[in-house]
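As structure tokens, the structure follows; a few thoughts come after it.
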Amino acid sequence: MSLSGKKILIAISGGIAAYKIHFLIRDFVKKGAEIQVIMTPDAENFVTKLSISTLSKKPVYSDFYSDNGTWNSHVEMALWADVMIVAPCTASTLSKMVHGLCDNLVIATYMSAKCPVFIAPAMDLDMYAHPSTTKNLELAESFGHHIIPAESGELASGLIGQGRMAEPETIVHSIEDFFDSKTKKTLAGKTVLITAGPTYEAIDPVRFIGNHSSGKMGFSLAEQAAKRGAKVILISGPSAQKINNENIELHKVTSAKEMLSKVLEFYDTTDIGIASAAVADYAPKEIAKEKIKKNDENLTIELVKNPDILKTMGEKKTHQFLVGFALETQNEEENAKGKLEKKNLDMIVLNSLRDEGAGFKNDTNKIKIFTKTGKTEFDLKSKDEVAKDILDFVESQLLK
């Protein structure tokens, strides 16, 4: 895990968004990070030291001296940290940071820090849009700091607009991406083709046959492959997932036939093919040109078999390392091993809907990987972590 053993210093300033810090600390601790929290005096109006220290498993400091007279060394805390996060960062704290107004423990620690600094601003929309805030954020960036932009939504004032502190998971992902960017580019020079999401097969202009795939697994694989230096061709059916890496070339399709056509466009120059899409096996034989009216008690639609994209990739394989996915509900291992053989795959990733937390829409997954020589099992993990496990396994096979 990229955050395991990392030392993260969180500085809380006095804003209503401070309540989110409990969730942020919990997520960091789950990922193996060591957390130290400091606060401005005003932050104590929004969160308690007791709740924060319980989650972080460390004392929380808001002043230079504890009640017993012990000095809380801002220098030691600053030098201890691998990364410092100011969240929420109010307009006041931001201004003090960039202009060197050192009047509390948070600012003194910040000014002593040698580590990367991340800023998650939070304030009302007019304050966030004010020219002084914009200028101060630009100054912070010019110092080399990382800004995690405020999000749009309902604010504490009741107004709706940009100013909400980024959600804890967004902040965690920003820190993970920072540490991941320092990893070795193990897939540099490789082209990885990934299919993701569902396919929708039209019945008429407004209805379709589809499934519950969100595309999360395929998009996580694309992000992780790009971080390892690969050029990624991501071919996705309808999905709300987003990409954040310039090394990912996204091609959106709708039907299985469109996905196959796009796969074949890039397959010859592909080094690693990963077919994680949940492709519809059947499609309506005829697509109605107009919306079908509800006239009868029953409606019969004749279905025909869709092209088998993964089988086609296996048949056309020359030099590609080909990875398939199997989502099963019964005879899971037997069906996965059969698919591995029939479709000429190098490995197959099995997940079962019987496993709690696995399958469609979840942020987690639990997998088993099969090759022609054996099986490897993994625990339930986030899909980002599962993507890392899959790519680690692919790389281990390529080295054989």
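- A salt bridge does not link Lys305 to Asp281: none of the charged side-chain nitrogens sits closer than 4.0 Å to a carboxylate oxygen.
- Residue Glu76 places its CD atom among 12 or fewer non-hydrogen atoms of other residues, nucleotides or ligands, all under 6.0 Å distant.
- With rounding to the nearest 0.5 angstrom, the CD atom of Glu176 is 11.5 Å from the CD atom of Glu169.
- Salt bridge status for Lys368 with Glu333: present, with a side-chain N to carboxylate O gap under 4.0 Å.
- Taking a 6.0 Å sphere around NZ of Lys311, one finds it holds 12 or fewer heavy atoms contributed by other residues, nucleotides or ligands.
- Using cut-offs of 30° and 60° for the angle between ring planes, the Phe393 and Phe378 rings count as perpendicular.
- Among Thr133, Thr134, Leu139, the one residue that satisfies the side-chain contact (heavy atoms from CB on, under 4.5 Å) test with Asn136 is Leu139.
- Atom OH of Tyr282 has 12 or fewer heavy atoms from other residues, nucleotides or ligands within 6.0 Å.
- Salt-bridge annotation for Asp124 and Arg164: absent, with no side-chain N of the basic residue lying under 4.0 Å from a carboxylate O of the acidic one.
- Checked against the 6.0 Å centroid criterion, the rings of Phe118 and His145 do not qualify as a close aromatic pair.
- Around the CD atom of Glu246, the shell of radius 6.0 Å holds no more than 12 heavy atoms that belong to other residues, nucleotides or ligands.
- With respect to the salt-bridge test (charged N to carboxylate O, under 4.0 angstrom), the residues Asp268 and Lys316 do not qualify.
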### Task
Decide yes or no on side-chain hydrogen bond (donor to acceptor under 3.5 Å, both in side chains) for Ser255 and Glu201, but give the supporting numbers first.
CA-CA 5 Å; Ser255 69; Glu201 311 300 332; 4.6 Å; no
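- With a 6.0 Å radius and a threshold of 12 heavy atoms from other residues, nucleotides or ligands, Lys339 has its NZ atom above the threshold.
- Evaluation of the ring-ring contact (aromatic ring centres under 6.0 Å, His included) rule for His251 yields Phe266 as partners, not counting sequence neighbours.
- With Asp389 as reference, Lys381 is the one residue of Lys381, Lys383, Lys366 to meet the salt bridge (charged side-chain N to carboxylate O under 4.0 Å, His left out) rule.
- Atom CG of Asn331 sits in a crowded spot, with more than 12 heavy atoms from other residues, nucleotides or ligands closer than 6.0 Å.
- Remark: Lys317 engages Asp346 in a salt bridge, criterion side-chain N to carboxylate O under 4.0 Å.
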